[in-house]
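Below: the structure, in structure tokens.
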Amino acid sequence: MSADGSLDRLKREGRIVVVGASLAGLRAAETLREEGFAGSLTMIGDEPYEPYDRPPLSKQVLLGRATADRTGLPRHRAIDAQWRLGVPATGLDMAARRVRLADGDEVEYDRLLIATGVRARPWPQEDEAELDGVFVLRTRDDADALERSLAQGPRRVLVIGAGFTGSEIASACRERGIAVTVAERADAPLVGALGGVVGEVAAELHRKHGVDLRCGVMVTRLEGDSAGHVRAAHFSDGNTIQADVVVVSLGAQRNTEWLAGSGLGAGPRGIACDAGCRAFDIRGIVTDDIYVAGDVARSPHPLFGYQFLSLEHWGNAVAQAETAAHNMLSDSADRRPHIWVPAFWSSQFGVNIKSVGVPSMGTEILIAQGSRSEHRFTGVYGYQGRVIGAVTFDQTKWLQFYQQLIETTAPFPPAFPTVDRRPEGQQPMPADFPDPSVPTHGPTVTLSGYAPDDRRLTFTPARH
Amino acid sequence: MRLVVDLNRCQGYAQCAFLAPDVFAMHGDESLLYNPEAEEDRREDMARAVAACPVQAITVEANSLDGNPGTDREIGR
């Protein structure tokens with residue numbers, strides 16, 4: 001490509017558009033400038049704010065130790081961009097290389113990076129979702145509104161969904177002395193991401209800290225008072241609880257609707273791309289000018305059987321953005337693959353939970369160190385005789401060791417005698433993940449393709 | 001002054017919490033809580049905390065007087 005000078009021209013005077021002005025978009029923009037891109041750079045974001053950090057929103061901010069308007073991401077360097085903030089992208093014309101904006105404007109590009117991320121899944125009953133006191137938690141505005149509501153001292157908070165965010169919210173409420181009920185459809189908190197064996201520990205943590213944890217139930221209806229404020233919730237087991245704040249924490253939806261009809265391979269599971277972050281079109285052909293990064297991307301990973309992984313992980317957004325930006329400015333031979341090993345953290349009830357690899361692919365788990373009853377342990381996940389993931393509760397210093405086992409496809413169960421191996425850690429046990437076709441709040445890693453019962457495509461053979 | 005900690009890297013050594021206790025605090029044995037926007041007069045302590053982190057997990061925004069035009073000009077367009 002650079003043989004004809006087009007790459008040099010792109011770097012000198014090209015137009016790059018980044019849709020999505022959050023962590024991935026910002027780090028990509030910085031990398032583009034770092035690597036010598038001198039052309040015009042446009043950053044499009046649907047929120048009116050410059051890029052900010054989300055992890056503190058469910059932790060520091062809800063604890064009242066930081067305010068939501070002060071989580072702006074530090075800049076590594078100036079990016080000299082034209083910002084279009086508070087204006088969502090509404091369409092893509094791949095042939096004309098144009099992004100349409102909600103205000104009617106169109107922005108032309110030579111290279112496009114899509115980093116539109118995910119949004120909180122709303123409560124499905126619209127009239128109930130609109131009641132005062134019903135929240136989701138994803139954005140700066142969400143966190144601000146929820147924190148103000150917690151500061152008013154509600155009598156009881158109901159958290160619907162015990163994934164990571166839901167559990168962190170419950171933890172913050174307890175720390176503030178607020179009564180909280182958590183309703184989870186699965187048998188334990190965190191089961192989608194970590195399985196039932198670890199979920200049991202999470203359930204203990206909730207209860208030990210005074211959370212009224214209800215598992216195996218669904219919330220069937222939210223009820224408001226005459227002033228339109230939520231006051232009660234009805235459960236599938238026939239129970240009703242009174243709550244004046246409800247936080248809907250049912251996982252995320254990928255922001256791909258704006259690409260409908262564009263011809264890009266974008267859908268409810270994200271935007272498929274190759275290992276070099278180039279987006280596929282709907283025919284499965286890789287594009288050469290459209291790249292994807294962050295939560296909205298799905299890319300194949302050799303360590304995990306080339307499954308297309310969608311990772312809602314902070315570190316993935318950073319690493320994928322840097323790779324995408326590098327590749328946007330590179331010849332094919334100089335491009336790098338994005339083969340980051342998934343890793344995430346959560347902090348709840350004073351316990352540091354961290355994970356590497358893809359635990360939800362695991363069928364077995366071994367408690368390799370520590371003890372579940374002490375809430376301080378390392379769980380190693382096995383899949384087809386190899387180590388596929390690991391989780392630590394307050395044992396983060398061990399995680400890197402297990403990451404190496406994952407990266408080297410070490411055998412499972414790991415053969416070494418470790419320090420602090422307990423009787424309960426002598427034998428692997430079933431990791432106890434729920435059937436993926438049964439909806440829960442969902443894991444933070446989405447494995448390839450569609451659920452088995454989710455027939456979205458009909459294959460029609462070509463006729464000769 | 002804005003800061004961010006890469007909590008994938010953070011292993012809870014707590015060096016930052018010793019050096020800048022008004023910005024960083026341990027929450028439980030291992031979890032780190034930090035104020036994502038520290039006061040400008042904490043810059044010296046912050047530099048020490050950044051340097052002392054064994055896993056180099058802390059990023060602090062460059063001093064705007066040191067050649068980073070910052071964000072206002074960009075945002076204001």
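Sequence lines set the chain letters: A, B, ... in the order given, protein chains first and strands last, and positions in each chain run from 1. The figures that follow rest on heavy atoms only: side chains count, while hydrogens, waters and symmetry mates do not.
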**Main-chain N/O of R75(A) paired to E61(B) side chain as donor or acceptor, under 3.5 Å** = yes
**Prompt:** Between L63(A) and chain B, which part of the residue has a heavy atom less than 4.5 Å away: side chain, backbone, both or neither?
**Reply:** side chain
**Interface residues of residues 45-57 of chain B facing chain A - heavy atom cut-off under 4.5 Å** = none
**Request:** Please check if any side-chain donor atom of D6(B) sits under 3.5 Å from a side-chain acceptor atom of W314(A), or the reverse.
**Result:** no
**E168(A) and S346(A): side chain donor to acceptor below 3.5 Å** = yes
**Which atoms of D394(A) approach chain B - backbone, side chain, both or neither, heavy atom under 4.5 Å** = both
**Prompt:** Does a side-chain N-to-carboxylate-O contact under 4.0 Å join D22(B) and R42(B)?
**Reply:** yes
**Request:** List in chain and number order the residues that pass salt bridge (Lys or Arg N to Asp or Glu O under 4.0 Å) with E407(A), two or more places apart in sequence or in another chain; answer none if no residue qualifies.
**Result:** none
**Message:** Rounded to the nearest 0.5 Å, what separates atom CG in L205(A) from atom OG in S167(A)?
**Reply:** 9.0 Å
**Message:** Only pairs of heavy atoms separated by less than 4.5 Å count here; which of P56(A), G315(A), S347(A), G72(A) has the most with chain B?
**Reply:** G72(A)
**Check: W340(A) main-chain N/O paired with H301(A) side-chain donor or acceptor under 3.5 Å** = yes
**Request:** Tell me whether the guanidinium CZ or amine NZ of R372(A) lies under 6.0 angstrom from the six-membered ring centre of F377(A) and within 45° of its axis.
**Result:** no
**Asked** Under 3.5 Å, side chain of R54(A) to main-chain N/O of R138(A), donor-acceptor pair present?
**Response** yes
**Request:** Report yes or no: does R33(A) contribute a side-chain atom to a donor-acceptor pair with the main-chain N or O of F37(A) at less than 3.5 Å?
**Result:** yes
**Request:** Give me the contact list for residues 7-16 of chain B versus chain A, heavy atoms only, anything under 4.5 Å, ordered by residue number.
**Result:** L7(B), N8(B), R9(B), C10(B), Q11(B), G12(B), Y13(B)
**Message:** If the threshold is 4.0 Å, N to carboxylate O, is there a salt bridge linking R2(B) and D53(A)?
**Reply:** no
**Request:** Decide yes or no on ring pair (Phe, Tyr, Trp, His ring centres under 6.0 Å) for F349(A) and H209(A), but give the supporting numbers first.
**Result:** CA-CA 7 Å; F349(A) 305 109; H209(A) 287 85; 5.1 Å; yes
**Asked** Salt bridge between R27(A) and E30(A), side-chain N to carboxylate O under 4.0 Å?
**Response** yes
**Prompt:** Are the ring centres of F24(B) and F18(B) closer than 6.0 Å?
**Reply:** no
**Message:** To the closest 0.5 Å, what do you measure between OG1 (T378(A)) and CD (Q395(A))?
**Reply:** 3.5 Å
**Fill in**
Given K354(A), E175(A), K59(A), the one with more heavy-atom pairs under 4.5 angstrom with chain B than any other is K354(A)
**Item:** Residues of residues 28-38 of chain B within contact distance of chain A, non-hydrogen under 4.5 Å
**Value:** G28(B), D29(B), E30(B), S31(B), L33(B), Y34(B), N35(B), P36(B), E37(B)
